[in-house]
Amino acid sequence: MNDPFELFSRYLRQRQELGEAPWVFDTPAPGETVAAASRSRTPSRPDPAGAHNAGGDAGGEPGSRLPAAEPATTSQSRAPSPRGETDAGEARPKKVDWRRGAPPIPPQGIVVPPPAEDLFTADPLADKTLEEIAALVRECTRCRLCKQRTNAVPGEGPPDARLVVIGEGPGAVEDETGRPFVGRAGELLTEILAAIDLPRERVFICNIVKCRPPENRKPQPDEIEACVPYLYRQLEIIRPAVILAMGGTAAETLLNTRQPLAGLRNRVHQFRGIPVIVTYHPAALLRNPNWKKPTWDDVRIARQLLDARG
Ligand code: URA
Ligand code: SF4
C-alpha cells in the first residue's frame, strides 16, 4: 500500500480517532489567490500546540498538513492536493513554514571522537569512493544478511549532501529495489524532508546495515559490526554538516551507547566532528502518531543546524 494519498487519509483518520478536530483546508473563493485566501482566513482548526506555536498553524507537522507543493500564486496554477482534487474551488493544504515555533538548538550531548590512527592495520576502505563502496556493498558477504537479500542497499544521494539520514536497515521494498527508504516509512521520510525545505534528492539516505534482516528483525550486533565500516567511510567522504539518526539502532550505533532513544533526543551529539540529531524512526511514527510532533521538532533542530553551519 504505497499510495501517498491513501497514506495521508489514513493518517488523518488516525488523528481524528485520537480526538483531534477534523482538518479543514482553506478553499479560495472563485478568483481569489491561494495566498490571499490563506492570509484572510483564521486558522481553520483548533491548534493543539497553540501554546508552543503562537502562529496558530505553526506547529503543523508534515503528514498532517502535507506541504507537498510550493504555494501556488493563482488558482489556475494550483498543484493537485493530497486529496487529489484539481477542479475549481478545490481545497489544498497550506505550505508549512518550518521555522515558526521551531525549538531552540539544544545543548551538546555525546561526543564520539575520530578513531586514533592505527599505524599497523590499514583501513581497506580508506581510499574508496562512494561508487566503489556501493559496488563493494552489492557484492558483500561479510555477514549472514547476504544470504537472504535480493539486493543490497548501499544508500543514495549526492556526494556533497549537507544532511545524511541514517535508518536501521532495508525493508521489503528496499530489498526489492536496492534503494533506501522507498516503502511506506520512506514516503513519510520524503514528506518530512520536504517540510523542512529539503528535497529528498539533496539528502544522502542510508542505513546502518545494507542488507535486509529477515522479517525486518533488528540487526544483530555482529551484523552491525561487519557492516558499519561502509557507513563510516560514506560519512568520511560526504562529511555532511549534520547527521540525522532515525531510530534506536542508528543512534546507539553511531553514538556507541545503550541509552534509550528518548534520552538521546534534544541534544546535539557529535560523531567524529559531525553534529548528530537523534529522532524517531519513520516506521515507528506510522505505528505511533504521538511521536510525530517530537520528530517534527527534532528535524527542525537539524534544519537550523544546517543553516547555522552556512
Ligand atoms: N527502514 C529503514 O531503516 N531503512 C530503510 O531503508 C527503509 C525502512
Ligand atoms: Fe555485507 Fe553489510 Fe550486507 Fe552484511 S549487511 S552482507 S556486512 S553489506
Side-chain angles (χ1 to χ4, degrees), residues 1-2 4 7 63 123-125 128-157 161 163-193 200-201 203-235 237 243-255 261 264 276-288 291-292 295 298-299 302:
M1 203 280 297
N2 290 327
L7 266 178
D123 173 3
L125 302 179
K128 300 287 187 263
T129 64
L130 279 181
E131 292 76 23
E132 287 166 342
I133 293 287
L136 287 171
V137 163
R138 290 192 194 98
E139 302 283 296
C140 179
T141 54
R142 285 177 52 113
C143 86
R144 66 183 78 75
L145 295 182
C146 70
K147 295 203 193 106
Q148 291 181 55
R149 76 175 173 222
T150 313
N151 291 294
V153 184
E156 68 184 24
L163 180 70
V164 171
V165 171
I166 306 176
E168 178 174 283
V173 190
E174 290 77 18
D175 178 69
E176 265 163 44
T177 57
R179 296 185 54 207
F181 280 101
V182 287
R184 284 179 64 203
E187 281 165 7
L188 185 52
L189 173 62
T190 304
E191 203 179 281
I192 290 170
L193 292 173
R200 176 190 164 108
E201 301 69 41
V203 177
F204 194 89
I205 302 175
C206 59
N207 286 296
I208 294 289
V209 293
K210 313 296 195 192
C211 302
R212 182 192 184 198
E215 276 88 50
N216 297 343
R217 66 158 169 75
K218 269 188 175 300
Q220 290 165 4
D222 60 330
E223 296 160 353
I224 294 176
E225 199 187 332
C227 207
V228 281
Y230 296 124
L231 172 66
Y232 292 166
R233 177 65 190 146
Q234 287 173 320
L235 291 172
I237 298 167
I243 295 171
L244 182 64
M246 300 196 99
T249 300
E252 287 171 21
T253 305
L254 274 183
L255 302 175
L261 185 135
L264 296 168
V276 178
I277 297 297
V278 169
T279 195
Y280 295 101
H281 192 286
L285 302 185
L286 291 169
R287 289 192 298 271
N288 187 349
W291 287 334
K292 275 212 158 186
T295 304
D298 297 337
V299 295

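In listed order, ligands and their atoms are each counted from 1.
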Student check: side-chain heavy atoms of Leu261 and Val278 closer than 4.5 Å: yes
Glu174 side chain near Val182 side chain, heavy-atom distance below 4.5 Å: yes
Any residue meeting salt bridge (Lys or Arg N to Asp or Glu O under 4.0 Å) with Arg142, in chain and number order, not counting sequence neighbours: none
Heavy-atom side-chain proximity of Glu156 to Phe204 below 4.5 angstrom: no
Check: Glu168 and Val209 side chains under 4.5 Å, non-hydrogen atoms: no
Shortest non-hydrogen contact from Gly178 toward Pro154: O-CD, 4.1 Å
Protein N, O or S atoms under 2.8 Å from atom 4 (Fe) of ligand 2: 1
Under 3.5 Å donor-acceptor, Glu252 side chain and Thr249 backbone: no
Proximal protein residues to ligand 1, non-hydrogen atoms under 4.0 angstrom: Gly167, Glu168, Gly169, Glu174, Pro180, Phe181, Asn207, His281
Salt bridge (Lys or Arg N to Asp or Glu O under 4.0 Å) partners of Asp222, counting only residues at least two apart: Arg144
Min side-chain heavy-atom separation Cys206-Lys210 under 4.5 Å: yes
